[in-house]
Protein chains: 2
Amino acid sequence: MRLMARPVVHTDSLRQELLVVTADLVDRDGPARVTLRDVAAAARTSTTAVYSLFGGKSQLLTAVVDDGFRSFRDSQLAASPGGLQSLGVAYRDWALQHTSLYRLMFGGALAGYVDCQPSPEVAADAMEPLLDAVASAQAAGNLLEAPTEVVAVAIWGQVHGLVSLELAQVGPPDADWAAAYGAALDAVARGWAA
Amino acid sequence: MRLMARPVVHTDSLRQELLVVTADLVDRDGPARVTLRDVAAAARTSTTAVYSLFGGKSQLLTAVVDDGFRSFRDSQLAASPGGLQSLGVAYRDWALQHTSLYRLMFGGALAGYVDCQPSPEVAADAMEPLLDAVASAQAAGNLLEAPTEVVAVAIWGQVHGLVSLELAQVGPPDADWAAAYGAALDAVARGWAA
DNA sequence: CCTTGTTTCATAACAACGTTACGAAACAAG
DNA sequence: CTTGTTTCGTAACGTTGTTATGAAACAAGG
């Protein structure tokens, strides 16, 4: 029989708590101002918990980013019935409702400031609604017959780029981002129409 | 007459040297691994120089980013005679040749990991070739008559998004980015055609 | 009930970073 | 040579991620 010792506190529920608390801090103060000490204090534990449950700060942030991609996929799934345009609108809506998380998800990996690249399968899952929409639009003869993945990646990039320029506030200071986004969605639709 | 004291070493040429050295380090090790001590050592000076010449690390990085936008604008200007498609190709070429810098320019601001947002007028200058190309294509009747700035921002975003997804390696692991980019440029052209 | 043994985790130490404060270095003037 | 002033390299500080240490917590055996 196994010798039981001090009871385990670094359990899976604390893991969840740490994820929530970290996501909150990221959303409130931005990724840069999130420290392990703050995370631990907010979860009423010590920094050791992060190391025993995640392995370190980058793995914690990676887990937060993965959760972000899952939440994003859910919102895409909900918008799926509306077709491609609806996916595009939902994309920006989600990003504007989770600005800091979106910035961490894409900007973090881009800048290389944290080693928090999303797990490939999670990112792939997030892209699935778009892939399906592209495939069915192609099947219906409404979309160009280029390889589905190529079309989907291209559309994703076009949509992501506008949102990320808007969030980074790079570009003309008085830019009308909503108008630009709407016009871009229309252009995307026209550009890929069969 | 002014009382001369210890000769000035923190001169403008040292400022340039610091910019070059920092850009080198960013390009070699990525923005995250650049420390002021390394920068100072590489420029054979002390960290004080960064503070007296720039004010701090964020201002140094901002200056590097601004230089990046200027170099980017030069490459866009060189591609200007080829029209919109040529600008698009040059965009990705420059990004792939200055990956770390590009990541810092856009990912840094997006992730908020450093306070290094580009100076607005420098970013605006970088966008000028695109604005001009859009304006003249509109004048020639080849492009939609939506507000020039809206069209330009939308196109920039579409192009930037694909490049940034490629650099961040977010997306399908076996994605054919070159193909996706080429197809996207064609789609952009079709989508905004008059 | 106390001792022993084992596991678990909070605290404290460590190294590295950005930043600031200090004081030596370097030269003009008297 | 001394004094005065400016300049900048060195060293100190506070904070960060990470690691090491030892106390806390409980089961088993006497």
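Letters go in sequence order (proteins before strands), and every chain restarts at 1. Nothing here was measured: the structure is a model prediction, and the numbers come from that model.
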Measure the distance from CG on B:L18 to P on D:dG9 and round it to the nearest whole Å.
11 Å

Whichever of A:H10 and B:G55 has the more 5' nearest nucleotide on DNA chain C, that residue is A:H10

Taking CG from A:L53 and P from C:dA10, how many angstroms apart are they, rounded to a whole number?
10 Å

Any salt bridge linking A:R92 with A:E166? Criterion: basic side-chain nitrogen under 4.0 Å from a carboxylate oxygen.
yes

N or O in side chain of B:T47 less than 4.0 angstrom from D:dG9 OP1/OP2:
no

Check every atom of C:dT20, C:dC27, D:dC26 against the side chain of B:Y51 and return the nucleotide holding the closest atom.
C:dT20

Name of the residue among B:T35, B:V20, B:V39 meeting side chain to side chain contact (heavy atoms under 4.5 Å, CB included) with B:L25:
B:V39

If the cut-off is 4.0 Å, is A:T48 near the phosphate of C:dC9, judged by side-chain N/O to OP1 or OP2?
no

Using a 4.0 Å heavy-atom cut-off across all strands, classify A:V50 as base, sugar-phosphate, or nothing.
nothing

Interatomic distance, A:R33 CZ vs D:dG17 C1' [rounded to whole Å]:
17 Å

Here the distance between atom C1' of D:dG17 and atom NZ of A:K57, to the nearest Å, is 8 Å

Once you round it to whole Å, what is the distance between P of C:dA10 and CZ of A:R44?
13 Å

Rounded to whole Å, please give me the gap between CZ in B:R37 and P in C:dG18.
7 Å

Taking atom CD as the centre, does A:Q169 end up with more than 12 heavy-atom neighbours from other residues, nucleotides or ligands that are less than 6.0 angstrom away?
no

Please tell me which of B:G56 and A:T11 maps to the more 5' nucleotide of DNA chain C, matching each residue to the nucleotide holding its nearest heavy atom.
A:T11

For the hydrophobic clusters of this structure (ILVMFWY residues joined by side-chain heavy atoms under 4.5 Å, transitively), does one cluster hold both A:V21 and A:L14?
yes

Value in whole Å for how far the C1' atom of C:dT20 lies from CZ of B:F54
19 Å

Within the structure shown, what part of the strands sits under 4.0 Å from B:T45 by heavy-atom distance: base, sugar-phosphate, or nothing?
sugar-phosphate

Counting only Watson-Crick pairs (N1-N3 plus N6-O4 or O6-N4) and G-U wobbles (N1-O2, O6-N3), all under 3.5 Å, who is the partner of C:dT20?
D:dA11

B:F106/A:F106 aromatic ring centres below 6.0 Å
no

With both distances kept under 3.5 Å, what pairs with C:dA29, Watson-Crick or G-U wobble?
D:dT2

Is there a donor on the side chain of A:R6 or the base of C:dT7 sitting less than 3.5 Å from an acceptor on the other?
no

Rounded to whole Å, CG of B:L60 lies from C1' of C:dC17 at a distance of 15 Å

Which one, C:dT6, C:dG18, C:dT11, comes nearest to the side chain of A:A5?
C:dT6

